[in-house]
Amino acid sequence: MDFIYALAPMENFTNNTFRFLAHQYGADITFTEMVMFDALAKNNKTSLERIKITNNVPTEIQIAGLNENHLKKFLENFTPEPGFLGFCLNIGCPSQKLIDHGMGCAMIKRVSKVEKLVQIIKAKGFRASVKLRLGANRHEFEKKVYINLIKGVNADYFIVHARHGKQFFDETSNWSTFKKCCKTGKTIIANGDIKTLHDVELLKEFGVSGVMIGRAAIRNPAIFDKLKGEKETKMAKIKNEYLEISKNDKNKIYRKNVLKFLKK
Ligand SMILES: Cc1cc2nc3c(=O)[nH]c(=O)nc-3n(C[C@H](O)[C@H](O)[C@H](O)COP(=O)(O)O)c2cc1C
């Protein structure tokens, strides 16, 4: 497998327009923002809109939830669009509301539940990845619950955001954990604070199969080409392209958010 450069899912930023732009500038794979599969099973319009793929952009659809029957119901009616690569199960969301319901980060120690959801996806013939943090809190991080999860779940690969659920972005992510994750023999994509070629080279030495980039890609969607050693594109050109392709976006929040961060 070639080393993967992935655009991270980011709510209210990475709609299909932004994913298209990042893919044009080297992102091999992109992810939709998290949606609850309960809502998809009920044909919720906003949720269905979030998982739409246009222009053949290579995309995994990110889902979250607990109820196996709702997942099955959604998958029964699901028809993949061109560009669709598989599903990514989010078990890393730090939102307290989700944790209180046994979801998000709380699922990192629910190994058999996660394995069941993954197998439901795979039984339909779809690829299944899992995106996780290092546990819901420091205690779980120290107990290495993330290693149990990775060992016990037969997903196609794992995206590890190297923070636990109580860590905010001002705390540096803990890259040494990637080595431990890779030792399980599973396929690991690294995520958290990745910005430079030096970062990528170091992470390759740790044994990861790819990198996922979030905030740095909002500031510069061409970061993927840059890390691949391709010729750099001027930010003014990228910004103009984004202004053009996003002008017909129905929901204006994405454009508003992206333009706040896109470098001049
Ligand atoms: C505004 C924002 C929204 C996010 N939304 C999601 C999401 O919907 N699903 C998800 O798995 N992670 C989400 N994340 C986390 C990112 O995917 C990523 O794990 C995190 O930003 C760390 O990567 P980075 O340091 O490259 O930004 C979000 C992050 C930000 C900043």
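The structure presented is a predicted model; accordingly, all values stated were derived computationally and were not measured. Just follow the structure's listing: the first ligand is 1, and inside any ligand the first atom is 1.
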Show the atoms of ligand 1 that are less than 4.0 angstrom away from any heavy atom in [X].
X    : answer
I213 : 26 (O)
A8   : 17 (O)
N90  : 9 (N), 10 (C), 11 (O)

Check the orientation of H164 and F141. Use parallel for under 30°, tilted for 30 to 60°, and perpendicular for over 60°.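 Answer is tilted, since the angle falls between 30° and 60°.
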
Aromatic ring pairing W175/F178, orientation class (parallel under 30°, perpendicular over 60°, tilted between):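 Because their plane-to-plane angle lies in the 30° to 60° range, the rings of W175 and F178 count as tilted.
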
How far is [atom] from its nearest protein heavy atom, and which residue and atom name does that atom have?
atom                    : result
atom 26 (O) of ligand 1 : G214 N, 2.8 Å
atom 29 (C) of ligand 1 : M10 CG, 3.7 Å
atom 15 (C) of ligand 1 : K131 NZ, 3.8 Å
atom 16 (C) of ligand 1 : P9 O, 3.6 Å
atom 3 (C) of ligand 1  : E11 N, 3.1 Å
atom 1 (C) of ligand 1  : F13 CE1, 3.7 Å
atom 23 (O) of ligand 1 : N191 ND2, 3.0 Å

Just going by heavy-atom distances, which of Q62, M212, R133, M34 is nearest to atom 10 (C) of ligand 1?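 Among Q62, M212, R133, M34, the closest heavy atom to atom 10 (C) of ligand 1 comes from Q62.
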
Can you sort out the partners of K151 under side chain to side chain contact (heavy atoms under 4.5 Å, CB included), two or more places apart, ordered by chain and number?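 Partners of K151 by the side chain to side chain contact (heavy atoms under 4.5 Å, CB included) criterion, ordered by chain and then number, come out as I147, T184.
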
With sequence neighbours excluded, what pairs up with K179 under the side chain to side chain contact (heavy atoms under 4.5 Å, CB included) test?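 So K179 forms a side chain to side chain contact (heavy atoms under 4.5 Å, CB included) with F206.
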
Considering non-hydrogen atoms only, spot the tightest contact between A128 and I121 and give its length.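 It is CB-CG2, 3.9 Å.
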
Could you check whether any heavy atom of G192 sits closer than 4.0 Å to an atom of ligand 1, since that is the contact criterion I want to use?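 Heavy atoms of G192 do come under 4.0 Å of ligand 1.
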
Residue-ligand contact F31/ligand 1, heavy atom below 4.0 Å: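 No.
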
Are there over 12 heavy-atom neighbours, none belonging to K252, within less than 6.0 Å of that residue's NZ?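 It does: K252 NZ has more than 12 such atoms within range.
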
Taking the side chain as everything from C-beta on, heavy atoms only, tell me whether E241 gets closer than 4.5 Å to T233.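 The answer is no, as the side chains (C-beta and beyond) never meet within the 4.5 Å cut-off.
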
Stepwise ring pair (Phe, Tyr, Trp, His ring centres under 6.0 Å) test for F13 and F261: CA-CA 10 Å; F13 286 87; F261 290 93; 5.8 Å; yes

Ionic contact status for E115 with K122, cut-off 4.0 Å: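 No, this pair does not count.
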
